[in-house]
Amino acid sequence: MLKSKKYKLIYKISTSLNCSIEDLFKLSDEQFEYISHYLKHSSFLKACPGSGKTEVIGIKSAYEIHKWKLTNAGIAVVTFTISAAKELNNRVRKFGVVSSDTFPHFIGTFDSWIHNYILQPFCHYLTAYPGVGGDKSMRLIDEESSAGFLSNYTTEIFKNGQKRPVKVTEYYYDYQRTLQGQNDKIDSFLKSGISNNDRKNLLENKKKFIKAGFVTYADAEWLSIELLNKYPVLVEKLSQRYPIIIVDECQDLSNGQISILELLRSKGTSLHFVGDLNQSIYEFRKVNPQDIDAYIQKSGFKILQLTNNYRSCQPIVDVVEKIIGNPQSIKAHEIQVCLHPCLLWQYDNKIFSQLPQRFDAFLKANRLERKDSAILARGKTTISSFQTQRDKYSFSKSELLALAFYCWYKPGRNGEDLNNALFYIGRALCLLAYNGQGNPRNQYCPEAFEHVEWRLILKSVLENGSTLYPFIDNGVDITWTNWIPKLKVFLQTIWPQLVNYAVAWDDAKRRVMSPSGKANNLVKGIYSQTGIHNPVRTTTIHSVKGETLSAVLLVSHHNKQSNGGHFSHWLREGNYDPEHIRFAYVAMSRPKHVLIVATPKLSNADLTKFKNLGYFPQ
């Protein structure tokens, strides 16, 4: 970008937004090129890991919103997770003066945008759903729901002399009206030769389910496409309402979502994709980066790039680029603090279980933050051997509640902490109010609730429990004996939210007591029993997507039976699976200072391959 143009834009932005000239001068020419890009021309910002894209989207969006003149049309900024949407919202508000509801603009998840502007307002025209009490909005049913009423929409399929019931939530129809299973197992079953009559019954039950006002998330996408295709005027009005759509993390777009966006683009909406197609690791959700790339090329998007990595040091960046096979030179800006940032550890059956302790000792020796580091693996089976502490199902009800509040309110909580908090609070309330009759796969959701509804109640309970944490009274650590009465007072206030409870509060309160033999122990002793079983956070690659970590230990499965979890799956040789390479790319691009790969004992040939990538055997 020409210096004069950059300086002029810096001045404009600094006088329009909450951005200092000093901070704006730190932005690269590439970042400014995107910020200044004309919104009417669709674009794809190809952002390498750690490129500061969220910051750039925040400034770009805030600047464009500041300049916006229309009052009945706006910019939609969409992403794919609630946490990512919240972060985007925070960035836009950080830089610009935005009203509390952002009207006429939208910042949120793609799903919520579809529901707010397509499905809920208009779907009843397509489905003829009469509604309840004047409310014609569709009710979302989780794919894993075990609600009893779903038996009314079950299809009995006979195959090989055996009967197999298929729930209406186990399948859906994609953007091409093709029958799909919600997981690989059911998908394989449905595509392995069922009769035409069974196919007809599956479709009829799905229509019956939808006409009754119910949809799964996958159904919502299909119905939105059907709706837009049937009513072109709706496409026209929606493109006028949102003439600009910015899609963050565009590598997570499904073909159905691309179809919706293309319908709007055909009526004049400009699309701006931002992301890294090499970080697409959701093939099980029918997300294909090749399809996204083909769409970008076919549609004539202007290609912009961010090639500066502000997260990792150069040796880590170089390894990551070799793993993905990227010939482009990515410049790192993080200072190298270790002599060998990329290490290779080899294990045998005897020392495998000692990897977490070895990693923890390494972090201490190199003065790296334990709380900002993680042990990663492709699947949970690889890391399950590391779990050495107390089983999460053995906690008492009061311990579960204490753990829930600890995980929810702890400083620097992460996605795993949130999941743990929901598990603990869900199990505790289900045991207390519903005698344990709930779905363990969905935070012990009782039959009286849909999963989404139950999660919202759990979130509300946790947020309203701030007086119970930290476990201190008048500046002094509190014992279980003194904490339990406070807990009972709180539970009594939230009990009315637990509709159709099986146990009244007067009976349930007798079950809320100090853990056996620990009445005089401090409640904060629960800190060491959070269900995170190792000194360092241990989780899957998928769960850290988008995060920045200080150090990473990526653990290979011990054999090739793991689906993308063995070190050989991460090397670009033979008949490799591109998604398995992307697993490694996502994991290896998380750390700032240290990247360690732990593999089974290697042959000399495999050892040479890792050395050539840039790993130092230790």
Is it the case that the ring center of Y615 lies less than 6.0 angstrom away from the ring center of H340?
no
Look at D276 together with K53 and state whether they make a salt bridge at an N to O cut-off of under 4.0 Å.
no
Aromatic ring centroids of Y424 and F405 under 6.0 Å?
no
May I ask you to decide if the ring planes of F110 and W113 are parallel, tilted or perpendicular, using 30° and 60° as cut-offs?
perpendicular
Quick check: do Q346 and Q618 have side-chain heavy atoms less than 4.5 Å from each other?
no
Do D507 and R510 touch side chain to side chain, with heavy atoms closer than 4.5 Å?
yes
side-chain hydrogen bond (donor to acceptor under 3.5 Å, both in side chains) between S61 and E64: does it pass, once the steps are laid out?
CA-CA 5 Å; S61 301; E64 297 295 347; over 6 Å; no
Testing the 3.5 Å rule here: is there a donor-acceptor pair between the side chains of E249 and Q251?
yes
N-O pairing of E369 and K592 below 4.0 Å:
no
Under 3.5 Å, is there a donor on one side chain and an acceptor on the other for D111 and T109?
no
For F449 and W454, take the angle between the two ring planes, folded into 0 to 90°, and tell me which bin it lands in: parallel under 30, tilted 30 to 60, perpendicular over 60.
tilted
Do I596 and V552 have side chains that get closer than 4.5 Å, going by heavy atoms?
no
Chi angles and distances behind the salt bridge (Lys or Arg N to Asp or Glu O under 4.0 Å) call for E450, R139
CA-CA 10 Å; E450 287 306 318; R139 287 163 287 177; over 6 Å; no
Hey, what's the ring geometry for Y310 with H333, parallel, tilted or perpendicular (30° and 60° as the breaks)?
parallel
Heavy-atom pair with the smallest gap, counting every atom of A332 and C313
CB-C, 3.6 Å
Does a side chain donor of either T382 or H557 reach within less than 3.5 Å of an acceptor in the other side chain?
yes
In a check of side-chain contact (heavy atoms from CB on, under 4.5 Å) between V536 and each of L363, D372, L355, which one passes?
L363
Would you say F362 and L553 make side-chain contact, with heavy atoms under 4.5 Å?
no
Strictly below 4.0 Å, N to O, side chains only: are E55 and K94 in salt-bridge contact?
yes
Supply the atom-to-atom distance C19 SG to K26 NZ, rounded to the nearest 0.5 angstrom.
12.0 Å
In residues 470-478, what donor-acceptor pairs under 3.5 Å come from side-chain atoms, sequence neighbours left out?
from : atom 1 : to   : atom 2 : distance (Å)
D477 : OD2    : K524 : NZ     : 2.9

Any side-chain heavy-atom pair of P600 and F567 under 4.5 Å:
yes
